[in-house]
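Proteins come first, then strands; the chains are lettered A, B, ... in the order of their sequence lines, and each starts at number 1.
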Amino acid sequence: MSVKKKFYITTPLYYVNAAPHIGHAYTTLAADILARYHRLKGRDVHLLTGTDEHGAKIEEVAAAAGIEPRAYADKIAAQFSELWKHLDVRYDDFIRTTEERHVKRVQAVFEHLLSTGDIYKGVYKGYYCVSCETYWTETEAPPEEKTEIRRCPNVDCRKKLTLTEEESYFFKLSKYEKPLLEHYEKNPDFLLPRKRATEITNFVKDGLRDLAVSRTKVKWGVPVKSDPKHVIYVWFDALQNYITATGYRPPGMEAPDEEDKSAALWPADIHFVGKEIYRFHAVIWPAMLMAIGAELPKSVYAHGWWTVEGQKMSKSKGNFVDPKEITREYGVDVFRYFLFREMPFGNDGDFSLSKIEDRYKAELGNDLGNLLMRITHMVDKYLGGALPGKSHRDKLTLTPSVLKAADAIDEAYEAVNLQEALNLIWVQIGRLNLHIEEKKPWKMAKEDLEGVRILLFDLVSSLRIIAGWISPFMPTVSTKIQSALGVRRTQMALTPNEVLNGLDGEKIKKAPPLFPRKEKS
RNA sequence: UGCGGGGUAGAGCAGCCUGGUAGCUCGCAAGGCUCAUAACCUUGAGGUCGCAGGUUCAAAUCCUGCCCCCGCACCCA
């Protein structure tokens with residue numbers, strides 16, 4: 001038995017303090033698209049997502065909603081999993097940080113690090129806002145002019161802060177400053193995209209301070225086993241999910257409750273994160289792994305942010321885009337397509353309805369949808385729906401030439417350059433449209449029917465390949481195209497044989513529009 | 001002050017890491033075709049690649065300086 005190459009990919013664990021929006025959808029879809037591609041390549045893919053449910057913030061919003069944190073988290077976590085289902089995301093595991101499997105392991109890691117000295121007890125000093133239950137640093141909450149009074153930086157609060165001391169456990173982050181820098185240098189693919197690496201490197205070079213990893217004022221969290229009045233800091237807890245979800249057994253943990261699959265899965269191949277949580281994933285998380293003695297993920301990829309109609313998304317503006325609103329209008333696949341065609345993965349971009357509409361009409365309707373329609377209509381009109389079979393494969397010219405793009409597309413996928421993958425695919429779609437124009441089958445049909453048969457066979461084979469390439473982005477559309485072209489089982493075609501096998505004298509019917517023009521409203 | 005991102009045709013953007021005819025989409029102009037969702041194809045107009053130096057046979061791309069825009073308060077992928 002050959003061992004398949006594994007590919008372990010993660011999304012962040014989404015914080016359950018608010019309902020999911022386009023940003024969450026973007027990260028998760030990116031992971032799903034990459035996961036689907038790697039599955040098609042035959043890899044053993046494991047896609048992990050989930051929710052982060054602890055911390056003062058959750059206590060707060062739950063209290064505001066008049067329910068227990070647990071019940072609140074249940075509600076929001078369900079919204080996330082429903083959205084993933086709606087968006088056709090195929091994840092292999094959904095972990096919630098409140099689950100027993102996670103909590104036990106986080107506690108075990110904490111105790112282990114206490115024993116090695118990487119976690120020690122100290123005193124946390126900071127400016128505390130009683131109302132917000134938050135500590136602020138000197139720089140975050142500078143004193144007002146000519147006074148010593150510091151106020152809460154939260155504009156809705158602005159209450160006076162008090163200098164407070166709290167017993168706290170600390171993680172020796174400072175110890176890992178040099179090892180981290182060495183790791184970045186030795187592994188240029190660790191911090192992705194490359195242009196963001198400088199930011200992290202500079203941050204670490206400026207010096208790392210030990211991190212307070214427990215709280216006594218917070219109740220909703222993972223208690224420290226040996227000192228239960230302390231609750232583990234939410235980030236220190238949450239980051240560990242990537243490895244706890246594999247069933248990893250930390251040193252010193254008692255009898256395992258489930259199969260430890262970490263040997264097969266860990267290290268993760270790629271963590272997808274938004275740029276605002278990049279530091280946690282590029283600095284603290286690797287340092288934690290070093291402390292535990294576990295391998296580091298192969299890469300941490302920070303993507304950019306969406307603005308909406310030119311404006312930053314924010315709660316105060318209330319302009320979050322609800323993915324369901326967009327999919328109601330355009331369907332799931334168009335939404336998936338748009339997000340990754342519109343902006344280069346890793347950059348920032350702007351989301352707007354007029355841009356979706358433009359791409360829907362031009363790229364999807366005119367380029368791709370119309371292509372399928374004209375091809376199937378011609379097969380019907382000129383050949384009565386009957387395509388020639390495998391015996392004609394030697395006569396194909398377009399198909400082998402389209403297949404030459406496979407390497408470049410693969411490279412784009414492998415480099416997580418999702419926009420480039422789509423660009424390359426659309427170049428091929430353009431070639432098909434052009435090919436029809438040049439060969440003029442409507443003329444050919446009058447003098448050379450055999451030529452038309454081969455031409456259309458060539459076009460159908462080529463479009464089949466293209467349908468396979470787009471399937472990670474638009475799984476439903478891909479299936480529709482393939483079944484319209486007589487394919488019985490959806491598959492990605494990587495070699496000419498795969499393309500041609502199973503395409504043998506099928507009857508092809510006129511296809512309806514894939515992306516119908518919208519009625520003017 | 002500091003950190004980061006950005007300034008490329010009318011608009012929106014890629015290219016910059018790994019220098020070598022400036023590219024894509026939309027829009028605009030003219031033409032072609034009719035299999036097709038008024039779709040498809042061709043051609044064209046339109047750019048001192050923010051500014052100024054430097055390195056080089058050669059710079060949008062590397063280096064230095066400067067100018068302008070955005071983010072670094074809560075929320076937040």
Side-chain angles (χ1 to χ4, degrees), chain A residues 11-15 17-18 20-31 57 132 134 136 139-141 152-158 188 193-200 202-203 206 272-278 302-307 310 312-320 339 341-344 346-350 352 354-355 357-359 361-382 417 419-420 423 426-427 430 432-445 452 455-456 459 510-518:
Chain A
T11 75
L13 287 210
Y14 303 111
Y15 206 44
N17 63 339
H21 57 67
I22 186 178
H24 303 101
Y26 183 63
T27 317
T28 307
L29 286 173
K57 202 108 231 160
C132 297
T134 308
W136 302 97
T139 45
E140 281 170 339
C152 180
N154 181 346
V155 286
D156 296 326
C157 176
R158 303 301 294 164
R194 295 250 165 88
K195 63 176 182 178
R196 285 204 205 282
T198 46
E199 183 184 340
I200 295 297
N202 287 344
F203 175 72
D206 281 350
F272 271 153
V273 299
K275 63 180 181 180
E276 82 292 352
I277 53 172
Y278 198 32
H303 66 249
W305 270 21
W306 287 96
T307 53
K312 195 178 164 181
M313 273 196 289
S314 71
K315 264 197 174 157
S316 43
K317 285 186 191 130
N319 61 343
F320 287 104
L339 292 181
R341 186 77 198 266
E342 174 62 21
M343 84 181 188
N347 291 9
D348 290 349
D350 185 53
S352 83
S354 67
K355 284 177 184 163
E357 184 61 26
D358 286 350
R359 292 193 185 275
K361 273 200 281 203
E363 293 158 3
L364 295 175
N366 298 349
D367 295 346
L368 176 59
N370 184 54
L371 175 63
L372 174 69
M373 199 155 169
R374 64 200 298 217
I375 290 175
T376 57
H377 279 228
M378 285 191 281
V379 175
D380 180 74
K381 182 167 181 172
Y382 301 135
N417 194 342
Q419 187 195 46
E420 181 63 9
N423 288 345
W426 253 255
V427 167
L432 263 58
N433 274 319
L434 181 56
H435 192 68
I436 295 173
E437 207 59 37
E438 284 169 353
K439 296 288 178 182
K440 305 188 187 346
W442 48 92
K443 267 192 186 161
M444 236 184 189
V452 176
L455 171 64
L456 287 173
L459 285 164
K510 286 186 186 178
L514 273 180
F515 305 100
R517 284 247 165 184
K518 294 181 178 307

Are the side chain of [X] and the backbone N or O of [Y] linked by a donor-acceptor pair below 3.5 Å?
X        : Y        : result
A/Thr376 : A/Met373 : yes
A/Arg359 : A/Leu364 : no
A/Thr11  : A/Thr27  : no
A/Asp348 : A/Trp305 : yes

Go ahead and name the base partner of B/rC72; Watson-Crick or wobble counts if both distances stay under 3.5 Å, otherwise write none.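 Base partner found: B/rG2.
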N/O (side chain, [X]) to phosphate O (OP1/OP2, [N]) under 4.0 Å:
X        : N      : answer
A/Lys443 : B/rC35 : no
A/Asn347 : B/rG6  : no
A/Asn202 : B/rG4  : yes

Picking from [options], which would you name as closest to the side chain of [X]?
X        : options                : value
A/Met378 : B/rC40, B/rA77, B/rC35 : B/rC35
A/Glu199 : B/rA77, B/rC75, B/rG4  : B/rG4
A/His24  : B/rG12, B/rC74, B/rA77 : B/rA77
A/Lys381 : B/rG12, B/rC35, B/rU37 : B/rC35
A/Asn433 : B/rC17, B/rA14, B/rC41 : B/rC41
A/Pro513 : B/rC26, B/rA77, B/rU37 : B/rU37
A/Asn370 : B/rC74, B/rA14, B/rC40 : B/rC40

Whole angstrom value for the distance that separates [atom2] of [N] from [atom1] of [X]:
X        : N      : atom1 : atom2 : value
A/Leu432 : B/rC41 : CG    : P     : 11 Å
A/Arg196 : B/rC72 : CZ    : P     : 15 Å
A/Leu368 : B/rU37 : CG    : P     : 15 Å
A/Asn423 : B/rC26 : CG    : P     : 12 Å
A/Leu459 : B/rC40 : CG    : P     : 16 Å
A/His377 : B/rC40 : NE2   : P     : 15 Å
A/Glu276 : B/rC72 : CD    : P     : 12 Å
A/Leu434 : B/rG32 : CG    : C1'   : 13 Å

For nucleotides B/rC66 and B/rC72, find the distance between their C1' atoms and express it as a whole number of Å.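 Looking at atom C1' only, B/rC66 and B/rC72 are 23 Å apart.
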Quantified in whole Å, what is the P atom distance between nucleotide B/rG15 and nucleotide B/rC57? 29 Å
Check every strand shown and say whether [X] touches a base, only sugar-phosphate, or nothing at a heavy-atom separation below 4.0 Å.
X        : result
A/Leu514 : base
A/Phe515 : base
A/Pro441 : nothing

Does the side chain of A/Asp350 reach to within under 4.5 Å of the side chain of A/Met343, using non-hydrogen atoms? no
Check this for me: does the side-chain of A/Glu437 come within 3.5 Å of the base of B/rG32 through a donor and an acceptor?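 A donor-acceptor contact between them is present.
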Compare the ring of A/Tyr26 with the six-membered ring in the base of B/rA77 and state whether they stack (centres under 5.5 Å, planes under 30°). no
Flag the pair A/Glu420 and A/Arg341 as a salt bridge only when some basic side-chain nitrogen lies within less than 4.0 angstrom of an acidic carboxylate oxygen. no
Starting at the 5' end of RNA chain B, which residue's closest nucleotide do you reach first, A/Arg194 or A/Arg341? A/Arg194
Of A/Arg374 and A/Arg359, the one whose nearest nucleotide on RNA chain B sits closer to the 5' end is A/Arg359
For this output row, return yes or no: ring centroids of A/Phe272 and A/His303 closer than 6.0 angstrom.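 Between A/Phe272 and A/His303, the centre distance exceeds or equals 6.0 Å.
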